[in-house]
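Take a look at the structure below.
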Amino acid sequence: MPFALTIFTSAFLLFQVQPLLSKQILPWFGGSPAVWTTAMLFFQSLLCLGYLYAHALAALPSRKTQARIHVVLLVLAALLASRVLPGTDLRPESPDSPVFQVLLILGASVGLPYFCLATTGPLVQHWFTSTAHSSSVFRLYALSNVGSFLALLSFPYVLEPWLEQQEMGRLWTAGFWVFALLCLPVALGAWQNKSPVGAAPSDAADGVPVMKQDAGSGLKPSLAQRLSWVALPALASLVFIATTDQISHDVAPEPGLWVATLGLYLVTFILTFDHPRWYRPKLFAFLTLVLLLASSGLNDIPRWLGIQWDYGVNEVRWSHYALLFVVCMLCHGELYRRRPTDTRRLTEFYLCMSVGGAFGGLFVTLVATQFFDDYYEWLIALVLVALLACHVLFRFAGQAPDRMRQAAGALTAVVMVGLLFVMENPWSWRNVHKGDRTEILLDQVRNFYGTVAVKERRFAKEPERDDRVFFSGNVTHGQQFLSDKLRHVPTTYYARDSGIGETLQWAMSQKPSLSVALIGLGAGTLANYARPADAYDFYEINPAAVRIAQEWFDNLSTCKAGEQNILLGDARLRMEQLPKDKLYDVIVLDAFTGGSVPIHLLTREAFQIYRDHLKPDGHIAINITNAYLNLYPIVKAQAEVLGMAHRHKYQAVDEVRNVRRNLHFIMTHDQAYLKAYPSVNRDIRDDQGRVLRQEPYDQPGLRLWTDQFSSIAPIVR
């Protein structure tokens, strides 16, 4: 019982602190989703170092020495755990080298406590092998993943909606001290244990088949077996991270995405390490190939045959979840089959696993982000998974009837052809013919802040509609007509009759010169509103977005503003650094149209910064267009706290003018403006044309977002 409780508690705390710290530092890096990927690299790497420590400690001949060293580590970690959340003194002052800065902040705040937690699983299991129940040692690993899974679920659904981050930090510190108290008697028990270090249970102790090359308690694992201990968890880790990115790329990030993918990843560890009945090699290899076939692009074949077939958002999301689950079951099931039967190899086994697990984050963060201009790691992962599934199926081919072998071979061939069909030319999609138009990819780049691209669309029958489109991920962030007549007509979310367009035009009619702040650059469309007497400040965190806006669109170069500045970096941090007498007539917040919403720009503290730099009769205009989150009650609550009146406007799609559906929220003290422009709702009608409800809709009772508290769970559409 003490062993199980200690391992469960350590695993729970390991996964509880990951989202807590990542959320704390997310605003310091502009709310970029890459903060999560980089944080995962840090935690997986530290887990690997913890397993290396456990392996080295287990190699010492004396359990007394092992326990003595670990108790010293526990005491030091408990002392440092009193300040788990990084303070503002660690906040970066420059946007340079974000990956290095994230790693540095996490290491300074939770490095040693997390390292101590990471050592617990393999070390305590090593001590457990000297007990009478040593044959069930691998079930302790399954138990640790149960603790991790419960921690993962508890953060967004139990703790985050009710507690502020400082309160969660204090709870985590208290939990760490409880863990240290639980670990001490286990370490003292190992201290007093006089039995030989390491034991060798029978191969069939728990009824689980193992690979023949490690049969026998004293046989040293082969090089191939050791490589499989690294390669299999590495492939599972790569698929997990690539799947998360791919869903974000295809659908856009949504609430629960990280919980769903990481939860599925952990569940496969729980099942495969608990009992052999959960993993059936032939079944999961077959399911993997079937789901790979569905994901390989061959779903277009029915369309070529004239059959109506299409994937919606839910189908895409759940097909990816299903593929992630079966692939991780396959990888982790094969990993468990190759486990060591000699428990003296236990810590080495876990060390190799941790090295492989860290590979996914390492490859995506340091290789794919730096050298790929899109999410090609997804295609690489699919090919490797197909090869593994084929290997597992052919392993049983010699024992199967001829028809089964033929079926397995045919399915394998179809899947591999499908994958080759997709990967034959990964750049072929850059020039796409869609009906009456051709889309040409002009530029694309990927960095820490995501993928940005620009496409040119040419219409064969209507050349006056030719335009260029700016994409951030899959979200349109600006369009510009190519014809001289329409070139500088505001489009997409910023038409002259949109909420933001009306606000800028009203302010222009009231004053001969304006000072305007635009948070979020995109294609620079709003620069078309500027007059020679105006001053425009563009805030943008992604340097690649600035380059594309300047090279492929001329909104900025032809901007009439007498003064214009591009302020690179997080808008909130840059605005905090402004002199107090720097005041704007209009502040436009345009960073929320995508799925990954920078929450730190919507908190009470953020709006206080905007208010401090707003003239008494000024306007704060917010583009709250979002397909996944209802941001209206969030900004409405902030307006009420500031004591400002507000209006909103919904605008429908107008394809002729390249106007996209949009919803804008404006807060101000200007009563004349509010009287001139009343709010406009979106009517949701049934098949008979009757109005069912109106949007936007308020959600009374929501807790105000602050830097210490924000939860997107209640506003999910």
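Residues: numbered from 1 along the sequence shown.
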Item checked: Residue pairs involving residues 571-581 (criterion salt bridge (charged side-chain N to carboxylate O under 4.0 Å, His left out); sequence neighbours excluded) -> Arg91-Glu576, Arg572-Asp707
Next item on the list: Answer yes or no: is there an ion pair linking Lys582 with Asp537, defined by an N-O contact shorter than 4.0 Å?
Entry: yes
Notebook entry, point to check: Got a donor-acceptor contact below 3.5 angstrom from the Gln651 side chain to the Arg661 backbone?
Noted result: no
Item checked: Minimum-distance pair of heavy atoms, taken over all atoms of Ala676 and Trp506 -> CB-CZ3, 3.9 Å
Notebook entry, point to check: What pairs of residues pass the salt bridge (charged side-chain N to carboxylate O under 4.0 Å, His left out) test when at least one of them lies in residues 523-533, not counting sequence neighbours?
Noted result: Arg531-Asp534
Notebook entry, point to check: Charged N to carboxylate O under 4.0 angstrom, Arg457 versus Asp466?
Noted result: no
Margin query: Could you report the tightest heavy-atom contact between Ala495 and Arg657, atom names first, then the distance?
Written below: CB-NH1, 4.2 Å
Check: Where do His669 and Gly643 come nearest, in terms of heavy atoms and distance?
Finding: CE1-O, 3.1 Å
Check: Quick one: does Val546's side chain get under 4.5 Å of Leu568's, heavy atoms only?
Finding: yes
Checklist line | Phe470 vs Val452 side-chain heavy atoms within contact, under 4.5 Å | finding: yes
Checklist line | Nearest-0.5 Å distance that lies between atom CD1 in Ile622 and atom CG in Leu631 | finding: 9.0 Å
Check: Do Leu602 and Val635 have side-chain heavy atoms sitting under 4.5 Å apart?
Finding: yes
Note to self: Is it the case that over 12 heavy atoms from other parts of the model lie below 6.0 angstrom from the NZ atom of Lys615?
What the structure shows: yes
Check: Which value, rounded to the nearest 0.5 Å, describes the distance between Leu291 atom CG and Tyr321 atom OH?
Finding: 15.0 Å
Notebook entry, point to check: Does His648 offer a backbone N or O that forms a donor-acceptor pair with the side chain of Ser679 under 3.5 Å?
Noted result: yes
Notebook entry, point to check: How long is the gap from CG on Leu518 to CD on Gln564, to the nearest 0.5 Å?
Noted result: 10.5 Å
Notebook entry, point to check: Is the shortest heavy-atom distance from the side chain of Tyr584 to the side chain of Met575 under 4.5 Å?
Noted result: yes
Margin query: What verdict does the side chain to side chain contact (heavy atoms under 4.5 Å, CB included) test give for Ile519 and Val588, after you've listed the backbone C-alpha separation in whole Å, the side-chain angles of each residue and the deciding distance to 0.1 Å?
Written below: CA-CA 6 Å; Ile519 297 177; Val588 177; over 6 Å; no
Next item on the list: Flag the pair His477 / Phe471 as yes when their ring centroid distance falls below 6.0 Å, and as no otherwise.
Entry: no
Margin query: When you measure from the side chain of Asn555 to the backbone of Ala523, do you find a donor-acceptor pair of N or O atoms at a distance under 3.5 Å?
Written below: yes
Notebook entry, point to check: Just by distance, with hydrogens left out, do Asn662 and Asn623 show a side-chain donor and acceptor under 3.5 Å apart?
Noted result: no
Margin query: Please determine whether side chain to side chain donor-acceptor pair (under 3.5 Å) holds for the pair Tyr673 and Thr503, giving the CA-CA distance in whole Å, both sets of side-chain angles, and the decisive distance to 0.1 Å.
Written below: CA-CA 8 Å; Tyr673 162 81; Thr503 303; 2.7 Å; yes
Item checked: Side-chain (Glu462) to main-chain (Glu464) donor-acceptor, under 3.5 angstrom -> no
Notebook entry, point to check: At what distance, to the nearest 0.5 angstrom, does CD1 of Ile587 lie from OG1 of Thr668?
Noted result: 11.0 Å
Notebook entry, point to check: Under 3.5 Å, side chain of Thr476 to main-chain N/O of Gly478, donor-acceptor pair present?
Noted result: no
Next item on the list: Flag the pair Glu502 and Arg647 as a salt bridge only when some basic side-chain nitrogen lies within less than 4.0 angstrom of an acidic carboxylate oxygen.
Entry: yes
Next item on the list: Give the C-alpha distance, both sets of side-chain angles, the deciding distance and a yes or no for side chain to side chain contact (heavy atoms under 4.5 Å, CB included) between Ile624 and Ile634.
Entry: CA-CA 10 Å; Ile624 58 172; Ile634 303 301; over 6 Å; no
Margin query: Return the CD to CG distance between Glu540 and Asp570, rounded to the nearest 0.5 Å.
Written below: 10.5 Å
Check: Between atom CG of Leu556 and atom CD of Glu551, what is the distance when rounded to the nearest 0.5 Å?
Finding: 12.0 Å
Checklist line | Basic-acidic side-chain contact under 4.0 Å: Asp554, Arg487 | finding: yes
Note to self: Go through it in stages, so that I can follow the logic: the residues are Phe553 and Val454, the test is side chain to side chain contact (heavy atoms under 4.5 Å, CB included), and I'd like the CA-CA distance, side-chain angles, deciding distance and then a yes or no.
What the structure shows: CA-CA 9 Å; Phe553 301 88; Val454 56; 3.5 Å; yes
Notebook entry, point to check: Do Asp467 and Gln480 have side-chain N/O donor and acceptor atoms under 3.5 Å apart?
Noted result: no
Item checked: Nearest atoms (heavy-atom pairs only) where Pro714 meets Gln699 -> O-NE2, 2.7 Å
Check: Stepwise, does the side chain to side chain contact (heavy atoms under 4.5 Å, CB included) test hold for Tyr650 with Thr625?
Finding: CA-CA 9 Å; Tyr650 167 79; Thr625 309; over 6 Å; no
Next item on the list: Tell me yes or no: between the side chains of Glu563 and Asn565, is some donor less than 3.5 Å from an acceptor?
Entry: yes
Margin query: Taking Arg458's backbone N and O only, do any of them form a donor-acceptor pair with Thr438's side chain (distance below 3.5 Å, no angle check)?
Written below: no
Item checked: Residue that, paired with Gln479, satisfies side-chain contact (heavy atoms from CB on, under 4.5 Å) out of Lys455, Arg660, Arg468 -> Arg660
Item checked: His664 versus Ile500, closest heavy-atom pair with distance -> ND1-N, 3.0 Å
Next item on the list: Inspect the contact between Glu377 and Arg446 and indicate whether a charged nitrogen and a carboxylate oxygen are less than 4.0 angstrom apart.
Entry: yes
Next item on the list: Determine yes or no for a side-chain-to-main-chain donor-acceptor pair under 3.5 angstrom, with Gln505 supplying the side chain and Gly501 the backbone.
Entry: yes
Next item on the list: Go through the structure and list residues passing ring-ring contact (aromatic ring centres under 6.0 Å, His included) with Phe607, not counting sequence neighbours.
Entry: Tyr610
Margin query: Check this for me: Glu655, atom CD, are more than 12 non-hydrogen atoms of other residues, nucleotides or ligands nearer than 6.0 Å?
Written below: no
Notebook entry, point to check: Taking all non-hydrogen atoms of both residues, which atom of Leu614 and which atom of Asp585 are closest, and how far apart?
Noted result: CD1-O, 3.9 Å
Check: Counting only N and O atoms by type, is there a donor-acceptor contact under 3.5 Å from the side chain of His613 to the main-chain atoms of Leu583?
Finding: no
Item checked: Ring center gap for Tyr697 and Tyr632 short of 6.0 angstrom -> no
